Amino acid sequence: MAFKVTGDGQGEWSVLRVAGELDLVTSPVLRQRIHDVVAEGRHDLVLDLSDVFFCDSSGVGVLIAARRLIRSCQGRLRLILPAGGAVDGSHVNRVLGALGVRRLFDVYPDLAAAVDEEPLSA
């Protein structure tokens, strides 16, 4: 699967759907898309990582930088990391947990929950 980032709106939320491998080569693409959304004045962002099947440290770095950027704008960042996403469970969720940074993020199982509910506990 080729890396792809698609975006749309869901009420007050901007949604970026990410698919493929989030790594050293592709993470700058996601970083730029996040910056573009913020530059357009939209500070409530959902990153749907359901279809990301690999994430390395550069991908994690983009997520942490996105959190910092959104917080600096008094915005909200939410991640979609479903238990059954990307075939056998969310690779991104496992990587964030292994690195001890999952607690930094508000995590949801799907888009409906992400735009409507309080975060799941980390």
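Bear in mind that the values here come from a model prediction, so they are computed numbers and not experimental data. Starting from 1, each residue takes its place in the sequence as its number. Worth knowing before you read on, the calculation uses all heavy atoms, side chains too, and leaves out hydrogens, waters and symmetry mates.
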* To do: Report the distance from atom CG of Asp44 to atom CZ of Arg42, rounding to the nearest 0.5 Å.
  => 10.5 Å
* Asked: Is the shortest heavy-atom distance from the side chain of Asp23 to the side chain of Phe54 under 4.5 Å?
  -> yes
* Please name all residues satisfying salt bridge (charged side-chain N to carboxylate O under 4.0 Å, His left out) with Arg71, sequence neighbours left out, ordered by chain then number. => none
* Give the C-alpha distance, both sets of side-chain angles, the deciding distance and a yes or no for side-chain contact (heavy atoms from CB on, under 4.5 Å) between Asn93 and Arg102. => CA-CA 7 Å; Asn93 199 14; Arg102 186 184 181 282; 2.5 Å; yes
* Asked: Does the pair Asp51 and Arg17 meet the rule for a side-chain contact (heavy atoms from CB on, under 4.5 Å), with working shown?
  -> CA-CA 8 Å; Asp51 293 324; Arg17 290 177 177 84; over 6 Å; no
* Among the clusters formed by ILVMFWY side chains lying less than 4.5 Å apart, do Val25 and Phe53 turn up in the same one? -> no
* May I ask you to decide if Leu24's main-chain N or O and Asp56's side chain share a donor-acceptor pair within less than 3.5 Å? => yes
* Atom CG of Leu81 and atom OH of Tyr108: how far apart are they, to the nearest 0.5 Å? -> 11.5 Å
* Asked: In Å, rounded to the nearest 0.5 Å, how long is the span from NE2 of His43 to CZ of Arg76?
  -> 12.5 Å
* To do: Measure the CZ-CG distance between Phe3 and Leu22 for me, rounded to the nearest 0.5 Å.
  => 5.5 Å
* Side-chain contact, heavy-atom cut-off 4.5 Å: Leu96 with Val60? -> yes
* Would you say the side-chain atoms of Thr26 pair up with the backbone N or O of Glu21, donor to acceptor, closer than 3.5 Å? -> yes
* To do: Supply the atom-to-atom distance Ser14 OG to Leu77 CG, rounded to the nearest 0.5 angstrom.
  => 11.5 Å
* To do: Answer whether the closest heavy-atom distance between the side chains of Val18 and Lys4 falls below 4.5 Å.
  => no
* Report the distance from atom CG of Asp8 to atom CH2 of Trp13, rounding to the nearest 0.5 Å. => 14.0 Å
* Asked: Within a strict 4.5 Å, meaning less than it, do heavy atoms of the Leu104 and Leu63 side chains meet?
  -> no
* Going by heavy atoms in the side chains, are Thr6 and Leu16 under 4.5 Å from each other? -> no
Atom pairs and distances, donor-acceptor, side-chain atoms in residues 30-38, under 3.5 Å, two or more places apart:
unit_1	atom_1	unit_2	atom_2	d
Gln32	NE2	Asp36	OD1	2.7
Arg33	NH1	Val5	O	2.9

* Given side chains that start at C-beta, do those of Arg78 and Leu47 come closer than 4.5 Å, heavy atoms only? -> no
